[in-house]
There are 2 protein chains.
Amino acid sequence: MVEGMVTMAGAGRDCSIANALGVIGERWSLLALREVLLGERRFDQIARNTGASRDILSARLRTLVERGVLAKVQYQERPPRYEYIPTEAGRALRPIMLGLMEWGDRYVTDGPGPTRWEHDCGAELHPEMVCGHCHAPVLPGTTRLVRLGQVR
Amino acid sequence: MVEGMVTMAGAGRDCSIANALGVIGERWSLLALREVLLGERRFDQIARNTGASRDILSARLRTLVERGVLAKVQYQERPPRYEYIPTEAGRALRPIMLGLMEWGDRYVTDGPGPTRWEHDCGAELHPEMVCGHCHAPVLPGTTRLVRLGQVR
DNA sequence: GGTGATAGGTTGGATTATTGGACCGACATC
DNA sequence: GATGTCGGTCCAATAATCCAACCTATCACC
């Protein structure tokens, strides 16, 4: 009844990746969020643009609201109409979406990427992950594991 | 028989995020990849550390190999034993995993993150997404949509 | 020779999730 | 009055997932 993904917390490594996926890892969740971040905030439009069936989308939006990724706001009375807007946590997923897009463009999608962004600097956007402190790229050899979550 | 996720390509917006999720978006796929990137490359160990059931994990690893994210390499004969190692595409997902970890630490996990990394510069790793060209942070107001995938 | 451990799965049966489509109430517009 | 929009819910059929048990093969030990 709750959500299947929740059972995931019961075993495996204690890990924020697993915890994050417990919130946004179910099918359609990220695609719904993609639409909201693109500015599509109405149920019907999100349904059309993702291809999700309406009842699953309804369930996903509900969990995303419960978990604080989206907020559901009434924008008119009579008849009551709602829109979904991203919370701070939702907006914080934007870099991850762009990272996924970059990865998909490079390793999955044939031909040029169907969606393209330009940065303020004028260049086509190809995001890169850097250390928040020294701003050097985060490459495999440049990090050291300090502490690892235990397997429960 | 193929994979449920594949049907996703049939509708919705033409989008590399959706395409990427078609490869790595199923449950357990990213957690299996997490273990491989942490250096756990044997089936039993991945099963224990993720908490996935063995048959599902077996299916997920097979798709990840088919799709070029992992490679399955025999490391001994008699009895034949295999290990899973990341391909270039798999290693390219490391920044996304770190981004997910950062997001989970901040918005989902209670208390301090269970897993922590240190960068070469000496600081605890808090990755950040920047423009690959000018190296400025990718903030919501600093990008412009040039082209958007069509809804099919 | 027998027992147990390790490795990498497969099989079966029960439980859940997902799907597409139909349907609904409250309007608004033609 | 008919049709359309919006934000969903409900339904039956299908598909995926889960867990436990089992299997094959080898090695180590006694």
Side-chain angles (χ1 to χ4, degrees), chain A residues 1-12 18 21-22 24-32 35-36 40-66 70-85 152, chain B residues 1-12 18 21-22 24-32 35-36 40-66 70-85 152:
Chain A
M1 180 86 288
V2 193
E3 286 298 324
M5 219 84 188
V6 171
T7 65
M8 198 161 71
L21 292 176
I24 53 156
E26 286 179 303
R27 205 175 160 187
W28 306 115
S29 295
L30 272 186
L31 295 186
E35 291 301 316
V36 172
E40 298 289 2
R41 295 176 176 187
R42 318 266 261 257
F43 185 88
D44 271 39
Q45 210 54 47
I46 298 171
R48 246 188 301 277
N49 293 359
T50 57
S53 65
R54 303 170 65 78
D55 58 350
I56 297 298
L57 180 62
S58 171
R60 291 296 173 271
L61 290 172
R62 204 171 354 204
T63 11
L64 288 174
V65 169
E66 277 167 15
L70 296 179
K72 184 176 181 175
V73 175
Q74 187 164 3
Y75 67 87
Q76 75 173 39
E77 296 181 41
R78 315 190 45 79
R81 290 286 177 269
Y82 305 93
E83 62 181 350
Y84 295 91
I85 61 171
R152 285 171 303 206
Chain B
M1 179 86 285
V2 193
E3 287 300 324
M5 219 86 187
V6 170
T7 64
M8 198 162 69
L21 291 176
I24 54 155
E26 287 178 302
R27 205 178 160 185
W28 307 115
S29 295
L30 273 187
L31 295 186
E35 291 302 315
V36 172
E40 298 289 2
R41 293 174 178 189
R42 319 266 260 258
F43 185 87
D44 270 40
Q45 212 52 49
I46 298 171
R48 247 189 302 278
N49 293 357
T50 56
S53 60
R54 302 169 69 77
D55 57 348
I56 297 297
L57 180 61
S58 172
R60 290 297 171 271
L61 290 172
R62 202 168 320 135
T63 9
L64 288 174
V65 169
E66 277 169 14
L70 297 179
K72 185 177 181 175
V73 175
Q74 188 164 3
Y75 68 88
Q76 77 173 35
E77 298 180 37
R78 314 186 48 76
R81 290 290 177 265
Y82 305 92
E83 60 182 351
Y84 294 91
I85 61 172
R152 285 173 302 208

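Letters go in sequence order (proteins before strands), and every chain restarts at 1.
- The phosphate of D/dA16 (OP1 or OP2) has no side-chain N or O of B/Trp28 nearer than 4.0 angstrom.
- Following rounding to the nearest Å, B/Ile56 (CD1) and C/dT15 (C1') show an atom-to-atom distance of 13 Å.
- Distance B/Gln74 CD to D/dA25 P: 15 Å, rounded to the nearest Å.
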Might you work through the side chain to side chain contact (heavy atoms under 4.5 Å, CB included) test for A/Ile56 and A/Arg60, ending with a clear yes or no? CA-CA 6 Å; A/Ile56 297 298; A/Arg60 291 296 173 271; 4.1 Å; yes

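- Partner B/Tyr75 forms a side chain to side chain donor-acceptor pair (under 3.5 Å) with one of B/Arg81, B/Glu83, B/Arg42 and no other, that one being B/Arg42.
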Could you check A/Ile46 against A/Leu31 for side chain to side chain contact (heavy atoms under 4.5 Å, CB included), going step by step and ending with a plain yes or no? CA-CA 9 Å; A/Ile46 298 171; A/Leu31 295 186; over 6 Å; no

Could you give me the CA-CA distance, side-chain angles and deciding distance for B/Phe43 and B/Ser58, then say whether side chain to side chain contact (heavy atoms under 4.5 Å, CB included) is met? CA-CA 8 Å; B/Phe43 185 87; B/Ser58 172; 4.1 Å; yes

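- Rounded to whole angstrom, the span from the CD atom of A/Glu26 across to the C1' atom of C/dT18 amounts to 12 Å.
- Atom CD1 of B/Ile46 is separated from atom P of C/dG8 by 9 Å (rounded to the nearest Å).
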Are any protein N/O atoms closer than 3.5 Å to N/O atoms in nucleotides 5-12 of chain D? If there are, list each pair with its distance.
residue: D/dC6; atom: O4'; partner: A/Arg81; partner atom: NE; Å: 3.4
residue: D/dC6; atom: O3'; partner: A/Arg81; partner atom: NE; Å: 3.4
residue: D/dC6; atom: O2; partner: A/Arg81; partner atom: NH2; Å: 2.8
residue: D/dG7; atom: OP1; partner: A/Tyr75; partner atom: OH; Å: 3.3
residue: D/dG7; atom: OP1; partner: A/Tyr82; partner atom: O; Å: 2.8
residue: D/dG7; atom: OP2; partner: A/Phe43; partner atom: N; Å: 3.4
residue: D/dG7; atom: N7; partner: A/Arg54; partner atom: NH2; Å: 2.8
residue: D/dG8; atom: OP1; partner: A/Lys72; partner atom: NZ; Å: 2.8
residue: D/dG8; atom: OP2; partner: A/Tyr84; partner atom: OH; Å: 2.8
residue: D/dG8; atom: N7; partner: A/Arg54; partner atom: NE; Å: 2.9
residue: D/dG8; atom: N7; partner: A/Arg54; partner atom: NH2; Å: 2.4
residue: D/dG8; atom: O6; partner: A/Arg54; partner atom: NE; Å: 3.2
residue: D/dT9; atom: OP2; partner: A/Ser58; partner atom: OG; Å: 2.5
residue: D/dC10; atom: N4; partner: A/Asp55; partner atom: OD2; Å: 3.2
residue: D/dC11; atom: N4; partner: A/Asp55; partner atom: OD2; Å: 2.9

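- Side-chain N/O atoms of B/Arg27 include none lying less than 4.0 angstrom from OP1 or OP2 on D/dA16.
- Under the rule for a side-chain hydrogen bond (donor to acceptor under 3.5 Å, both in side chains), A/Glu66 has no partner lying at least two apart in sequence or in another chain.
- Inter-residue side-chain proximity for A/Leu64 and A/Ile24 is flagged as met; some heavy-atom pair is nearer than 4.5 Å.
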